[in-house]
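Structure, as structure tokens:
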Amino acid sequence: MNQVETHRSGRIGWLRAAVLGADDAIVSTASLMIGVAAASASKGAILVAGVAGMVAGAMSMAVGEYVSVSSQRDAEQADIRLETHELSSEPEAELQELAMIYMSRGLEKDLAMKVAQQLSAHDPLAAHMRDELGIDPAALARPLQAAWISAASFASFAVVPILALLVAPAALRLPMIAVVSLLSLAVLGAFGGNLGGAPLGRAALRVTIGGALAMVVTALIGRILGVSVG
Ligand SMILES: [Zn+2]
């Protein structure tokens with residue numbers, strides 16, 4: 001861990017990836033297992049579905065996060081390259097530009113120029129990144145970090161519905177997977193909402209209802225396929 005990673009927004013970045021991975025893991029793995037269970041499959045078949053869903057989901061999560069955070073990083077780096085070039089080729093125009101930004105935020109002309117000069121003397125690129133491009137120099141996008149964190153989080157939380165299957169009595173497999181998964185989603189939803197500063201109850205309700213809908217739909221499809229194909 002270097003100094004940069006103790007920065008607040010950087011921490012929120014990886015927590016966001018972790019919470020996304022966890023929600024996704026519970027909804028998709030539980031739905032998959034419930035779909036298979038509704039087709040009146042054996043415990044072994046439901047377990048295989050759960051473990052396959054866990055592995056497939058963790059991989060696809062890693063790839064998806066890597067691709068999306070990489071394109072964010074590419075955009076950041078292109079902006080930074082252009083800005084670095086402009087700063088070296090026309091420093092005077094860049095100083096004016098910075099002063100204009102501070103004026104548009106409410107500083108008087110003289111003060112805006114003074115702030116622009118002092119920040120530029122200290123670190124011109126950081127000042128332009130922050131105030132012109134809106135990039136926090138301490139919280140640049142990290143594709144690999146986002147990829148492995150969301151994959152690890154997915155794999156860990158996919159274990160929730162799998163454990164529910166393993167401890168449930170034969171007659172209660174489907175409801176046990178559903179109830180344990182929905183309770184975990186509610187807790188995660190409240191935690192995720194807390195990160196974003198949203199009201200706890202509403203965030204928990206949103207993710208729980210979304211998860212319940214996914215489970216009902218796959219249960220119905222599993223039921224229909226189980227009857228017609230099996
Ligand atoms: Zn600039």
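Numbering of ligands and ligand atoms starts at 1, following listing order. The structure presented is a predicted model; accordingly, all values stated were derived computationally and were not measured.
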Which residues and atoms, protein N, O or S only, are under 2.8 Å from the Zn ion (ligand 1)? Glu83 OE2, Glu94 OE1, Glu97 OE1, His128 ND1, Glu132 OE1

Value rounded to 0.5 Å, distance of NE2 in His85 from CD1 in Ile80: 16.0 Å

Just by distance, do the side chain of Thr218 and the backbone of Ser31 share a donor-acceptor pair under 3.5 Å? yes

Under 3.5 Å, side chain of Ser153 to main-chain N/O of Ala22, donor-acceptor pair present? yes

Ala58 and Ala151 have their tightest heavy-atom pair at O-CB, 3.4 Å

Under 3.5 Å, side chain of Ser71 to main-chain N/O of Ser68, donor-acceptor pair present? yes

Taking Glu76 for the side chain and Leu140 for the main chain, is one N or O donor matched with an acceptor at less than 3.5 Å? no

